[in-house]
Chemist: 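Mind looking over this structure? Questions follow.
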Amino acid sequence: MSHETAKEDFSLLLQALDASISGIILTDNRLPDNPIIYCNKAFETISGYQRNEIIGHNCRFLQKEDRDQKEREKLRNAIRNGESCIVDIRNYHKDGTLFYNELYMSPIKDDQGRVSYFIGVQNDVTHRKKAELDLRHQQQLMEKRISERTQSLKESEDYLASIVQTVRESLIVLDPDFRVLSVNDHFLKTFKVTTGDTIGKLLYDLGNGQWNIASLKELLENILPTNNPVEEFEVEHDFPHIGRKLMVLNAHRIELEGQYKDRILIAIEDITDRREIERRKDDFLSIASHELKTPLTTIKGLVQIMQRTVPPELGEKFRSVLEKTGVYVDRLNNLIAELLDVSRIQTGNIELHKDLFDFDKSVHEAVDTIQAATKSHQIQVSGNTGEMISADESHIVQVINNLLSNAIKYAPDHREIEVYLSQVSNFVKFSVKDQGMGIRMEDHKKIFDRFYRAGEIQQRFPGMGIGLYICDQIIKNHGGTLWVESEPGKGSTFSFTLPLNTQAT
Ligand code: ADP
């Protein structure tokens, strides 16, 4: 090759190197500190330095003060061992901005195999590097969030588990095939079983088939397809080890999005003792009222004899005492009669003596009797039904009396009481409206329970809270309904309906 051709080739080579978009340098490994002896144009662009500021320097000037990079160690080892290497290293532009340099260093060896030069090819990979770093950062953030979320889930789970274990009700969770997935401690204690006897077993196989109850089976099998919960289902069963138990069951389908669906949660409340106490209380009331009734009937008879045979010389005072005694004996008699009614209702021994009677006439008579005994209130009757109904007249009159007495009693400062009579479809309807204290919404149903009295009224309005219970039962027995519409301070309207065609009952 002639000298000229060699020069031409060399300049072509330099031009080619300058055309590259990668920065290219050559360092002379034989000179002290391995200085750069050549750089192409792209290297000037990437670094921001000019060729005269580059030549003669060791590459490290590109790292400025940022010397503590583990990539440098890798690079140094490669140079020391005369090997090639590739690193992503943090470099700094002349104006101070950071860029990531993907640097490929490769040794050039002489005939004896000694490393005379290194060629370095560099690319600015800041964008890629930034994206990678961002990604890693996002990942770390995500991991942190997940771990926080897991922790908080765990805390809520522990919290829920402690509630489940603390409630004094037995809880049991079934899978869609009615196999037991979990039970709480209360279940294990109540039924004297272990988790081994229970978990994974079919509900109906538990404890020698003690839960294999046809009606329960039907209800549970209905929950999943229809989503209808089982509420207040009473089960009485003779259990091994623990004897006869009366329980109330509530069962619901439960679903936790993404985790499971079609599970059934059953809550079991043992009401054996409560029922027993209620039964004893009812027995006591029934016995006590029977026992009181007999001597009281005798006292009433004796008072009547005294009233008839009182000698005229004993005077007015004695007569009035006797009269008052009679009134109080009657009052006591009524109270005891009410208690007896309650126990008769409880035992299902209430007898209806139905006859055809004029409803409007009975209402007017009842109103007249009550009006005669009260001066404090004015009872106004409007409307009429014009119907003869078939019902137990004495019971219906008892209901009317009770509602009217309540209207008087609970509206002491309001004189007006209105009674409305009407025929609605094939029912007669009776309403009594007072302007009294009224009743809170949440008590509208409860006042028809026995012994329930709304609010703190005992001091001002003594009573036993059984009148409305008896009324409700009587109206129900006749196939009608009894209800109240009321707001506190705005008076109350009690109404009942009775069917005209009473064959049903
Ligand atoms: P008692 O009057 O002996 O309490 P009842 O069964 O007749 O028993 O009534 C139950 C409760 O209903 C009463 O205690 C009272 O709180 C409420 N109540 C009944 N009638 C009225 C009324 N007209 N106005 C306001 N409250 C009433």
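We count ligands from 1, going down the list as the structure has it; atoms in each ligand are counted the same way.
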Chemist: Has ligand 1 got any nitrogen or oxygen that is less than 3.5 angstrom from a nitrogen or oxygen of Ile439?
Modeler: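 No, there is no polar N/O contact under 3.5 Å.
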Chemist: Please determine whether salt bridge (charged side-chain N to carboxylate O under 4.0 Å, His left out) holds for the pair Asp443 and Arg440, giving the CA-CA distance in whole Å, both sets of side-chain angles, and the decisive distance to 0.1 Å.
Modeler: CA-CA 5 Å; Asp443 285 330; Arg440 294 180 309 172; 3.1 Å; yes
Chemist: If you measure from each non-hydrogen atom of Ile457 to ligand 1, which part falls under 4.0 Å: side chain, backbone, both or neither?
Modeler: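 Answer for Ile457: side chain.
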Chemist: Which residue holds the protein heavy atom closest to atom 17 (C) of ligand 1, what is that atom called, and what is the gap in Å?
Modeler: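 Result: Ile447 CG2, 3.9 Å.
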Chemist: Is a donor from one side chain sitting under 3.5 angstrom from an acceptor on the other, for His186 and Asn184?
Modeler: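 Asn184 and His186 do not have a side-chain donor-acceptor pair below 3.5 Å.
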Chemist: Considering only heavy atoms of Phe494, which atoms of ligand 1 have at least one such atom less than 4.0 Å away?
Modeler: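 Near Phe494, meaning under 4.0 Å from one of its heavy atoms, ligand 1 has 19 (C), 20 (N), 21 (C), 22 (C), 23 (N).
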Chemist: For ligand 1, is there an N or O atom under 3.5 Å from any N or O atom of Tyr469?
Modeler: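 No: no nitrogen or oxygen of Tyr469 is under 3.5 Å from one in ligand 1.
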Chemist: Can you find a side-chain donor-acceptor pair between Ser394 and Asp392 that sits under 3.5 Å?
Modeler: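 Yes.
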Chemist: Determine whether the aromatic ring centres of Phe448 and Tyr469 lie less than 6.0 Å apart.
Modeler: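 Ring centroids of Phe448 and Tyr469 are no less than 6.0 Å from each other.
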Chemist: Hey, is ligand 1 close enough to Lys409 that some N/O pair sits below 3.5 Å?
Modeler: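 The answer is yes, given that Lys409 and ligand 1 share an N or O pair closer than 3.5 Å.
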Chemist: Does an N or O anywhere in Gly465 fall below 3.5 Å from an N or O of ligand 1?
Modeler: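 There is such a contact, yes.
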Chemist: Of all the atoms in ligand 1, which lie at a distance below 4.0 Å from a heavy atom belonging to Ile466?
Modeler: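 The atoms of ligand 1 under 4.0 Å from a heavy atom of Ile466 are 6 (O), 8 (O).
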Chemist: Name the orientation class of the two ring planes belonging to Tyr204 and Phe178 (parallel below 30°, tilted from 30 to 60°, perpendicular beyond 60°).
Modeler: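 Rings of Tyr204 and Phe178: tilted, 30 to 60°.
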Chemist: What's the shortest distance from atom 23 (N) of ligand 1 to any protein heavy atom, and which residue and atom give it?
Modeler: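 It is Asp434 OD2, 2.8 Å.
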Chemist: Can you find a non-hydrogen atom of Gly436 under 4.0 Å from ligand 1?
Modeler: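 No, that is not the case, since the closest heavy atom of the residue is not under 4.0 Å from the ligand.
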Chemist: Give the minimum heavy-atom separation between Leu203 and Trp211, together with the two atoms involved.
Modeler: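 Closest heavy-atom pair between Leu203 and Trp211: O-CB, 3.5 Å.
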Chemist: Is a side-chain donor-acceptor pair under 3.5 Å present for Gln151 with Glu155?
Modeler: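 Note: Glu155 and Gln151 side chains meet the donor-acceptor criterion.
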Chemist: Within the 3.5 Å criterion, strictly below it, is a donor on Tyr420 or Glu418 matched to an acceptor on the partner's side chain?
Modeler: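 Distance-only check passes for Tyr420 and Glu418.
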Chemist: Tell me the protein heavy atom at minimum distance from atom 9 (O) of ligand 1, and give that distance in Å.
Modeler: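 Closest protein heavy atom to atom 9 (O) of ligand 1: Leu468 CD1, 3.6 Å.
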Chemist: Considering only protein heavy atoms, which is closest to atom 7 (O) of ligand 1, and at what distance to one decimal place?
Modeler: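 It is Asn406 ND2, 2.8 Å.
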Chemist: Give yes if a backbone or side-chain nitrogen or oxygen of Gly467 is under 3.5 Å from a nitrogen or oxygen of ligand 1, and no if not.
Modeler: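 It does: an N or O of Gly467 is found under 3.5 Å from an N or O of ligand 1.
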Chemist: Less than 3.5 Å apart, which donor and acceptor atoms pair up between the side chains of residues 423-435 and the rest of the protein, not counting sequence neighbours?
Modeler:
from   : atom 1 : to     : atom 2 : distance (Å)
Gln423 : NE2    : Ser425 : O      : 3.1
Ser431 : OG     : Ser495 : OG     : 2.9
Asp434 : OD1    : Gly436 : N      : 2.9
Asp434 : OD1    : Ser492 : N      : 3.1

Chemist: Name the residue from Val399, Ile474, Thr481 that meets the side chain to side chain contact (heavy atoms under 4.5 Å, CB included) definition with Phe496.
Modeler: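 Exactly one option meets the side chain to side chain contact (heavy atoms under 4.5 Å, CB included) with Phe496, and it is Val399.
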Chemist: If we only count N/O pairs under 3.5 Å, is Gly463 in contact with ligand 1?
Modeler: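 No - when backbone and side-chain N and O of Gly463 are compared with those of ligand 1, no distance drops under 3.5 Å.
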Chemist: So which heavy atom in the protein is nearest atom 10 (C) of ligand 1, and how far is it from that ligand atom?
Modeler: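 Ranked first by proximity to atom 10 (C) of ligand 1 is Tyr452 O, 3.5 Å.
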Chemist: Starting from atom 4 (O) of ligand 1, locate the nearest protein heavy atom and write down its residue, its atom name and how far away it is, to 0.1 Å.
Modeler: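 It is Arg453 NE, 2.5 Å.
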Chemist: Just distances here: any N/O of Ala454 and N/O of ligand 1 closer than 3.5 Å?
Modeler: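 Checking ligand 1 against Ala454, an N or O pair does fall under 3.5 Å apart.
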Chemist: Please give me the minimum heavy-atom distance between Gln69 and Asp66, naming the atom from each residue.
Modeler: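 That would be NE2-O, 2.9 Å.
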Chemist: Among all the protein's non-hydrogen atoms, which is closest to atom 2 (O) of ligand 1, and how far away is it?
Modeler: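 Result for atom 2 (O) of ligand 1: Tyr410 OH, 2.6 Å.
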